[in-house]
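Just so it is clear, the model here is predicted, and its values are computed rather than measured. The analysis underlying the following values was restricted to heavy atoms, covering all of them including side chains, and did not include hydrogens, waters or symmetry mates.
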Amino acid sequence: GGGGGVGESPRDPAPDEEWWEQVEELELNHQHLRKLHNLERLVSLRRASFCNNDLTRVEGLERCTMLEELTLEDNRIMKLENLTPLVKLTKLDLGKNKISRVEGLDALTHLTQLSLEENEITSLGGLGKLVSLMEIYIGNNRLSVLKEVQQLKPLPKLIILDLSGNPLCDGADYRNYTIYQLRKLKVLDGVGIESGEQNLAKEKCATGRALDTGRRAHAQPHTTHPAPPSTVTTMFTIWSVYMFALGQLLIAMCGAEVYR
């Protein structure tokens, strides 16, 4: 028989709108993209990759609330923004961009892996609320203050951390300090952490803190406080006051007797 009209055969492609809603994975790498748009119909999208493009902003994904994995590596993005609706994200990769500050991620409480290597980040602030994080890759940034490591202490599941290539790694105490502060780490900068190394880090850092406390105490100006009076001195003072008062009383009485 003759062919039927559009939509009459079960083999016909689904309508355009339905096709968009069925897409779960999208890969647009190396496409010279400058902007993400027209993605709002991809409501079932779970994995998306836009590596090695010319993107300058994180945008156009606000309606893709089912996203679990998002890769925006090797672009020109300068700011973390417009990610709050993507609450199902478990993996986020923004390495090789121009990001200077970690921000706008607090809503991503299901995030387990975060990659921010080769950016311009100077602080680890902004990560403390991502309580599901197990892996952080933030090497080759501009982290220079060792105490920044303490910003990661609220993360109970963090087991893999890569800070290699940051200025803070140059210090002799870097590895021991980091292992001591983040007790649950299993891998630091690609090198496994054995229990023996954990114990050594604990010992060295505890000793270092004791020495530092001693140095601070020694640096404080010494103030001489008078020693408390002994019991003998106190009794002598009371006796002296008593005798003086008695003498004054006798003088007064004698004077009254003379002038009577």
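- Two different hydrophobic clusters hold L116 and V131 under the rule that ILVMFWY side chains link at heavy-atom gaps under 4.5 Å.
- Atom NE2 of residue H30 and atom OG of residue S49 lie 8.0 Å apart, to the nearest 0.5 angstrom.
- With sequence neighbours excluded, the residues forming a side chain to side chain contact (heavy atoms under 4.5 Å, CB included) with V23 are W19, L42, L45, listed by chain and number.
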Can you list the steps and then say if L80 with L94 is a side chain to side chain contact (heavy atoms under 4.5 Å, CB included)?
CA-CA 9 Å; L80 292 172; L94 279 150; 3.1 Å; yes
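- Under the side-chain hydrogen bond (donor to acceptor under 3.5 Å, both in side chains) criterion, T84 pairs with no residue, sequence neighbours left out.
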Scan the side chains in residues 102-112 for donor-acceptor partners under 3.5 Å anywhere in the protein, sequence neighbours excluded, and list what turns up.
| from | atom 1 | to | atom 2 | distance (Å) |
| --- | --- | --- | --- | --- |
| H110 | ND1 | V87 | O | 3.2 |
| T112 | OG1 | T90 | O | 3.0 |

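- When the side-chain hydrogen bond (donor to acceptor under 3.5 Å, both in side chains) test is applied to E25, the partners found at least two apart in sequence or on another chain are R47.
- A heavy-atom distance below 4.5 Å is found between the side chains of L83 and L92.
- D173 pairs by the side chain to side chain contact (heavy atoms under 4.5 Å, CB included) definition with nothing, not counting sequence neighbours.
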Output side-chain donor-acceptor pairs under 3.5 Å for residues 61-72, partner residues at least two apart or in another chain, one line each.
| from | atom 1 | to | atom 2 | distance (Å) |
| --- | --- | --- | --- | --- |
| E62 | OE1 | G60 | N | 3.1 |
| E68 | OE2 | R46 | NH1 | 2.9 |

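- At a threshold of 4.5 Å between non-hydrogen side-chain atoms, the residues L143 and I138 count as touching.
- With a 6.0 Å radius and a threshold of 12 heavy atoms from other residues, nucleotides or ligands, H32 has its NE2 atom at or below the threshold.
- Within the 4.5 Å cutoff, side-chain heavy atoms of C169 are placed close to those of L163.
- Between the side chain of N82 and the backbone N or O of E59, no donor-acceptor pair lies under 3.5 Å.
- Annotation: salt bridge (charged side-chain N to carboxylate O under 4.0 Å, His left out) contacts involving residues 71-93, sequence neighbours excluded, comprise D54-R76, R57-E81.
- I77 and L33 fall within the same hydrophobic cluster, where Ile, Leu, Val, Met, Phe, Trp and Tyr residues are linked whenever their side-chain heavy atoms come under 4.5 Å apart, directly or through other members.
- Note: K35 NZ to N38 CG = 9.5 Å, rounded to the nearest 0.5 Å.
- Closest approach of E21 to V43, counting heavy atoms only: CG-CG2, 3.9 Å.
- Applying the side chain to side chain donor-acceptor pair (under 3.5 Å) definition to pairs two or more places apart or across chains, those involving residues 119-144 are S123-E148, E135-Y137.
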Go through N75 and T56 one step at a time and tell me if the side chain to side chain contact (heavy atoms under 4.5 Å, CB included) criterion holds.
CA-CA 7 Å; N75 279 281; T56 58; over 6 Å; no
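- Scanning for side-chain hydrogen bond (donor to acceptor under 3.5 Å, both in side chains) contacts around D189 gives Y174, with sequence neighbours left out.
- Grouping the Ile, Leu, Val, Met, Phe, Trp and Tyr side chains by contacts below 4.5 angstrom, directly or via other members, places V58 with L26.
- In the hydrophobic clustering of ILVMFWY residues, with side-chain heavy atoms under 4.5 Å counting as a link, I160 and L114 come out apart.
- Grouping the Ile, Leu, Val, Met, Phe, Trp and Tyr side chains by contacts below 4.5 angstrom, directly or via other members, places M134 apart from L188.
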Under 3.5 Å, side-chain donor or acceptor atoms of residues 190-198 against the rest of the protein: list the pairs with distances, not counting sequence neighbours.
| from | atom 1 | to | atom 2 | distance (Å) |
| --- | --- | --- | --- | --- |
| E197 | OE1 | R175 | NH2 | 3.4 |
| E197 | OE2 | R175 | NE | 2.5 |
| Q198 | NE2 | R183 | O | 3.3 |

Solution key, residues 149-157 side-chain donor-acceptor pairs under 3.5 Å, sequence neighbours excluded:
| from | atom 1 | to | atom 2 | distance (Å) |
| --- | --- | --- | --- | --- |
| Q150 | NE2 | Y177 | OH | 2.6 |
| K153 | NZ | Q181 | OE1 | 3.1 |

List the steps, then state whether side chain to side chain contact (heavy atoms under 4.5 Å, CB included) holds for D170 with L168.
CA-CA 5 Å; D170 297 337; L168 61 77; over 6 Å; no
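- Applying the side chain to side chain contact (heavy atoms under 4.5 Å, CB included) criterion to K186, with sequence neighbours excluded, gives I159.
- The two atoms that bring N176 and A201 nearest to each other are O-CB, 3.4 Å, heavy atoms only.
- Of all non-hydrogen atoms in N53 and Q31, the two that sit nearest each other are OD1-N, 2.9 Å.
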